[in-house]
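Below is one structure, written out as structure tokens, with a few remarks after it.
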Amino acid sequence: MTGRPVPLGMPSFPRAAAVSTRDARLRANLKHATGTIRARRAAAVAELDDWRQLRAAAAAVKERTLRHLDHYLVRLEERVTAAGGTVHWAADAAEANRIVTELVRATGEREVVKVKSMVTQEIGLNEALAAAGVRAYETDLAELIVQLGDDLPSHLLVPAIHRNRDEIREIFRERMADWGRPAPEGLTDRPADLAEAARLHLREKFLRAKVAVSGANFMVAETGTMVVVESEGNGRMCLTLPETLISVVGIEKVVPTWRDLEIYLQVLPRSSTAERMNPYTSMWTGTTDGDGPRAFHLVLLDNGRTDTLADTVGRQALRCIRCSACLNVCPVYERAGGHAYGSPYSGPIGAILAPQLRGLAGPLEESLPFASSLCGACYEVCPVAIDIPEVLVHLRERVAEGGEATVRGTRAVVRPARRHALERRVVAGAAWALDRPELLRRGRRLAGRAARFAPRRLPGPGRAWTDGRDLPEIPEESFRDWWARTRAQESSQESSHEFSHEFSHEFSHEFSHEFSHEFSHEFSHEFSHESSKGGDR
Amino acid sequence: MVYPETGRAVVTLLERLGVRVGFPAEQSCCGQPFFNTGYRRATEPLVRRYAAAFRGYEHIVTPSASCAAMVREQYPRIAARAAAEGRDDGLTEAVAEVVPRTYELTEYLVDVLGVTDVGAHYPHTVTYHPTCHGLRALGLGDRPRRLLERVKGLELRELAGAEECCGFGGTFAVKNAAVSVAMGTDKARAAVATGAAALCAADNSCLAHIGGILTRRGAAVRPVHIAEILASTGPGTAGGPEGAAR
Ligand code: SF4
């Protein structure tokens with residue numbers, strides 16, 4: 001049984017990424033995989049003349065639905081119930097896990113087959129089932145590779161994207177026997193052979209399983225219909241063969257009507273796999289006599305979603321349809337890899353979703369909004385037009401300056417993160433100085449004169465720059481001085497006496513009084529505090 | 001602050017094209033580094049300062065795509081939030097007055113002055129990196145390229161993966177130094193592979209980052225701001241690839 005760690009207490013993003021960026025094989029695997037899909041997505045999207053309108057519609061429908069979410073969820077519940085299904089409401093991960101575990105127990109079964117689902121990763125369902133003595137078998141190929149390898153998913157769509165064919169063959173050889181049918185003798189690393197090995201391994205599970213667990217890509221409120229979009233056909237098997245089907249779905253997955261669904265069935269495959277149409281799209285409404293599962297349970301999960309909804313800037317993250325286009329174009333994701341994000345939701349969307357769903361709960365969550373150069377490539381490709389850079393900066397503000405947020409349904413004032421206290425002082429000082437350009441000009445002139453003494457490598461925090469890059473040379477004459485000398489009326493010939501006098505005067509009075517005092521106080525306090533707690537909050 | 005030659009080039013270029021140039025001494029930083037690091041409130045005084053310093057000018061031109069993007073995209077947002085929090089004090093109005101008149105240099109040349117041939121002569125091989133804020137936030141499109149193509153003696157070389165971020169990203173460069181340098185190293189390699197003498201962009205911050213990696217690696221290609229190329233009128237003028245390191 002997998003002992004997969006619940007992603008709590010993970011290292012902050014920069015620490016994890018500093019290690020993963022040095023992993024040459026990971027870098028090569030990701031560069032190859034994301035580079036290929038990037039170009040194919042661009043071509044698939046370029047085929048449509050009305051892409052911009054589709055994208056705008058996809059964003060608008062989700063946005064409107066989220067504003068009236070209560071209404072559509074109640075309608076959905078009515079329709080699902082009328083069609084023979086049972087709806088359960090789960091406020092958080094623990095409640096959802098409890099509901100699913102009890103439902104499985106009630107069937108008397110000890111194993112379930114699973115359709116790939118992000119939300120069951122989010123709540124750690126497999127681990128919860130394992131603790132109750134129930135084995136959950138992943139049936140998506142990449143998810144199977146992750147499960148057999150005792151690994152964590154590193155991509156929304158292709159959870160094993162960090163593995164190459166050779167690694168996959170080794171995992172199949174070594175681990176398949178522990179989970180059921182072993183890998184065939186003499187297994188090669190040819191994709192067709194690997195797929196065949198997975199097919200044989202999974203087939204016996206499909207035929208035996210009495211209970212399946214799935215998520216859903218969409219829920220159509222007007223009819224109570226669930227929609228699962230997948231490429232391998234494993235989902236279709238899980239959704240039709242077992243007697244009991246349990247679907248765990250985030251409340252943001254509802255769309256009002258079939259006409260709305262049509263938009264997403266166009267934008268999702270092109271953004272996700274660069275396909276014009278999705279290969280296996282399964283839809284079901286409650287239960288049908290003599291066809292498919294006899295019992296259907298829908299577990300509607302909140303787990304931080306209504307808190308996110310209350311944030312007028314941050315809530316656009318709930319439009320996400322998990323296409324993974326933003327991961328595939330992200331230069332940071334490509335180099336750091338998905339595991340550095342410490343959550344099943346990696347890449348740009350993970351950097352804005354995880355800190356909202358979980359709250360800014362620790363060093364990892366606080367670091368995620370900063371895991372971006374704000375290059376905007378994610379926003380450009382997102383089919384539901386989530387302005388990811390805007391949300392990143394918005395969440396940075398909550399970390400740096402604090403502010404209002406909704407935590408478990410209650411409005412609360414979030415205190416700025418403790419580990420940013422020193423930075424806040426530096427920013428206050430720099431902003432103070434920048435609001436006094438004349439002072440800066442003199443400081444700049446001093447730096448110009450001292451330029452020849454400039455070191456090549458800086459100590460302390462400056463090392464973060466000079467470890468990998470040289471510093472720019474500081475020219476002797478600044479632009480302001482050149483302008484003053486050649487154009488303006490004002491003289492630039494103040495004596496150094498005047499300079500030092502005014503500078504130190506102003507400096508000691510305002511800067512050093514208000515800033516340095518607090519700075520030194522906070523600095524020592526901050527550091528002794530952090531070191532005594534091992535750098536943790 | 002660190003690149004006076006860019007400022008001098010902008011003045012030289014614009015005056016050559018018949019523009020009357022002013023430089024209000026009250027101006028300072030646009031505040032982008034603070035805002036993008038999460039210090040929206042600390043940015044407000046700099047937004048006010050910008051609006052006050054440039055009030056009354058017909059056009060406001062900056063040789064930095066990311067500063068232009070900061071003003072155009074974020075200033076209205078910052079003003080709206082300040083107003084919502086009870087600190088408007090004329091900020092919304094002041095910002096609305098300067099934002100539409102703020103241009104990135106190449107935008108100003110092509111859209112406002114309507115020129116692509118600025119009379120420059122730069123007899124060197126050049127490769128162009130379209131920085132993220134120029135490309136995606138401002139939508140500069142092919143304006144810089146059109147300007148470069150009309151420069152006498154200049155040979156433009158294609159940069160592989162041109163549209164990918166160089167990894168600077170403001171404080172990202174130090175907060176996530178490992179990823180930043182990994183991205184910058186790939187960009188530097190691509191620049192070296194073109195065999196060009198100069199790597200040109202419309203933003204000195206990105207050039208400082210890529211240039212820092214290039215000089216650390218001892219590469220021959222020099223980072224040069226596009227303004228310096230456009231201001232250049234021959235081999236002897238400032239801004240050649242033999243100029244100061246970034
Ligand atoms: S944020 Fe947008 S691009 Fe990224 S996975 Fe979600 S829908 Fe796709």
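Numbered from 1 within each chain, the chains take letters A, B, ... in sequence-line order. Everything numeric here is computed off the predicted structure, so don't read it as measured data.
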Tell me, for [X] versus chain A, whether the close heavy atoms (under 4.5 Å) come from the side chain, the backbone, both or neither.
X	answer
R77(B)	side chain
H133(B)	side chain
R81(B)	side chain
R49(B)	side chain
E163(B)	neither
V21(B)	both

Item checked: Most contacts with chain A, counted as non-hydrogen pairs under 4.5 angstrom, among T131(B), I210(B), T185(B), I213(B) -> I213(B)

Check: When heavy-atom pairs shorter than 4.5 Å are enumerated against chain A, which of G184(B), A188(B), A177(B), G31(B) gives the highest number?
Finding: A177(B)

To the nearest 0.5 angstrom, please state how far the [atom1] atom of [X] sits from the [atom2] atom of [Y].
X	Y	atom1	atom2	result
Q32(B)	L374(A)	CD	CG	8.5 Å
L392(A)	F172(B)	CG	CZ	11.0 Å
T43(B)	E397(A)	OG1	CD	9.0 Å
F370(A)	N176(B)	CZ	CG	10.0 Å

Item checked: Over all atoms of both residues, closest heavy-atom pair of S478(A) and P4(B) ->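 Result for this residue pair: C-CB, 3.8 Å.
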
Checklist line | Least distance between heavy atoms, P331(A) atom then C165(B) atom | finding: CG-CB, 4.0 Å

Notebook entry, point to check: Could D481(A) and R8(B) be called an ion pair, given the rule that one side-chain N must be under 4.0 Å from one carboxylate O?
Noted result: no

Check: Under the salt bridge (charged side-chain N to carboxylate O under 4.0 Å, His left out) criterion, do E366(A) and K175(B) qualify, and how do the steps go?
Finding: CA-CA 12 Å; E366(A) 282 171 8; K175(B) 280 182 185 280; over 6 Å; no

Checklist line | Test item: V393(A) and Q74(B) side chains (from C-beta on) under 4.5 Å apart, heavy atoms | finding: no

Heavy atoms of other groups near [X] [atom1], more than 12 under 6.0 Å:
X	atom1	result
R87(B)	CZ	yes
H59(B)	NE2	yes
R20(B)	CZ	no

Note to self: Let's go through M183(B) and E334(A) carefully: what are the C-alpha distance in whole Å and the side-chain angles of both, what is the deciding distance for side chain to side chain contact (heavy atoms under 4.5 Å, CB included) to 0.1 Å, and is it a yes or a no?
What the structure shows: CA-CA 9 Å; M183(B) 288 162 68; E334(A) 184 192 318; over 6 Å; no

Residue among [options] with most heavy-atom pairs under 4.5 Å to chain B:
options	result
P389(A), A17(A), S372(A)	S372(A)
V329(A), L395(A), V332(A)	V332(A)
R27(A), E390(A), R396(A), E401(A)	E401(A)

Note to self: Under a 3.5 Å distance rule, please check whether R136(B) uses its side chain to pair with a backbone N or O of E380(A) as donor and acceptor.
What the structure shows: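 Here the side-chain-to-backbone pair does not exist.
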
Item checked: Mutual orientation of the aromatic rings belonging to F23(B) and F479(A) [parallel < 30°, tilted 30-60°, perpendicular > 60°] ->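 Because their plane-to-plane angle is over 60°, the rings of F23(B) and F479(A) count as perpendicular.
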
